[in-house]
Novice: 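After the structure tokens below, expect a handful of questions from me.
Only this structure's heavy atoms are used, side chains among them; waters, hydrogens and symmetry mates stay out.
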Amino acid sequence: MAQILSIYGLVASVIMSNTIKEKMAVHTGFLQLGAGLAVGLCGLAAGFAIGIIGDVGVRASSQQPRLYVGMVLILIFAEVLGLYGVIVAILMITKSTEGVTNCLY
């Protein structure tokens with residue numbers, strides 16, 4: 001379930017790499033840093049949630065097999081945390097490409 005979380009970070013970094021220049025505004029750099037932190041921390045939280053739910057869910061479903069479908073649904077909800085992070089990161093990256101281009105530092 002957690003393999004897609006690394007792809008989210010890769011997508012954000014590829015989008016950011018197209019906008020990186022030798023000289024760019026300070027606010028652009030901080031927006032890109034924030035975008036990377038957003039996708040990274042959301043991926044970290046989703047990974048922790050998937051690990052805990054997977055551990056408890058496997059133990060519970062071995063005792064009660066009907067819990068398996070519920071466990072898979074909760075794992076999907078936990079993985080959506082990483083998707084929220086990549087959405088916020090993409091919004092921040094698109095915001096960093098807009099704006100003032102005269103403020104190069």
Side-chain angles (χ1 to χ4, degrees):
M1 294 290 296
Q3 293 93 1
I4 195 69
L5 296 176
S6 62
I7 302 297
Y8 292 155
L10 182 69
V11 167
S13 65
V14 166
I15 294 172
M16 274 190 272
S17 69
N18 292 332
T19 61
I20 293 177
K21 301 171 190 154
E22 187 174 329
K23 288 188 177 184
M24 65 178 161
V26 173
H27 71 277
T28 302
F30 279 117
L31 278 172
Q32 290 178 352
L33 174 68
L37 285 173
V39 74
L41 292 176
C42 284
L44 183 70
F48 274 125
I50 289 170
I52 292 169
I53 293 166
D55 177 45
V56 173
V58 166
R59 291 172 195 244
S61 67
S62 68
Q63 295 175 356
Q64 184 61 262
R66 292 184 303 168
L67 294 175
Y68 182 76
V69 174
M71 176 192 69
V72 170
L73 287 174
I74 294 172
L75 283 169
I76 291 170
F77 292 144
E79 193 169 339
V80 170
L81 293 173
L83 184 62
Y84 292 152
V86 79
I87 290 171
V88 168
I90 289 173
L91 288 173
M92 291 176 76
I93 292 166
T94 57
K95 185 61 80 171
S96 72
T97 58
E98 301 171 358
V100 182
T101 58
N102 295 333
C103 299
L104 298 177
Y105 298 104

Novice: Please report the interatomic distance CG(L91) to CG(L31), rounded to the nearest 0.5 Å.
Specialist: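 It comes to 11.5 Å.
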
Novice: What distance do L33 atom CG and T28 atom OG1 have between them, rounded to the nearest 0.5 Å?
Specialist: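 Between atom CG of L33 and atom OG1 of T28 there are 12.5 Å.
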
Novice: Taking all heavy atoms of A89 and all of V39, pick out the closest pair and write down the distance.
Specialist: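 Smallest heavy-atom distance, with atoms named: CB-CB, 4.1 Å.
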
Novice: Could you measure the distance from the OG atom of S13 to the CD atom of Q32? Nearest 0.5 Å is fine.
Specialist: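 If I round to the nearest 0.5 Å, the distance is 11.5 Å.
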
Novice: Tell me the salt bridge (charged side-chain N to carboxylate O under 4.0 Å, His left out) pairs involving residues 35-57, sequence neighbours left out?
Specialist: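 Matches after skipping sequence neighbours: D55-R59.
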
Novice: Between atom CD1 of I15 and atom CD1 of I20, what is the distance when rounded to the nearest 0.5 Å?
Specialist: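 Atom-to-atom, I15:CD1 and I20:CD1 are 12.0 Å apart.
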
Novice: Report yes or no: do V80 and I87 belong to one cluster of Ile/Leu/Val/Met/Phe/Trp/Tyr joined by side chain heavy-atom distances under 4.5 Å?
Specialist: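 Hydrophobic grouping puts V80 apart from I87.
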
Novice: For M71 versus V58, what's the shortest heavy-atom pair and its separation?
Specialist: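 Heavy atoms of M71 and V58 come nearest at SD-N, 3.6 Å.
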
Novice: With sequence neighbours left out, write down each residue that passes salt bridge (Lys or Arg N to Asp or Glu O under 4.0 Å) with R66, or none if nothing qualifies.
Specialist: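 Expected list: none.
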
Novice: Under a single-linkage definition using a 4.5 Å side-chain heavy-atom cutoff for Ile, Leu, Val, Met, Phe, Trp and Tyr, are L83 and L75 assigned to the same hydrophobic cluster?
Specialist: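 Same cluster.
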
Novice: Supply the atom-to-atom distance I76 CD1 to I53 CD1, rounded to the nearest 0.5 angstrom.
Specialist: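 So the gap between those two atoms works out to 11.0 Å.
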
Novice: I52, F77: one ILVMFWY side-chain cluster at the under-4.5 Å cut-off?
Specialist: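 The answer is no; the residues belong to distinct hydrophobic clusters.
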
Novice: Which heavy-atom pair separates A78 from A46 by the least distance, and what is that distance?
Specialist: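 Heavy atoms only, the tightest pair is O-CB, 3.5 Å.
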
Novice: Specify the closest pair of heavy atoms between M16 and I93, including all atoms of both residues, with the distance to one decimal.
Specialist: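 Looking at all heavy atoms of both residues, the shortest contact is CG-CD1, 3.4 Å.
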
Novice: Could you grab the distance from atom OH of Y8 to atom CG of L81, nearest 0.5 Å is fine?
Specialist: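 CG of L81 is found 10.5 Å from OH of Y8.
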
Novice: Between I90 and I7, is there a shared hydrophobic cluster once you connect ILVMFWY residues whose side-chain heavy atoms come closer than 4.5 Å?
Specialist: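 Same cluster: I90 reaches I7 through Ile, Leu, Val, Met, Phe, Trp or Tyr contacts under 4.5 Å.
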
Novice: Compare every heavy atom of L5 with every heavy atom of G47, then report the nearest pair and how far apart it is.
Specialist: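 Of all heavy-atom pairs spanning G47 and L5, the closest is N-CD1, 3.7 Å.
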
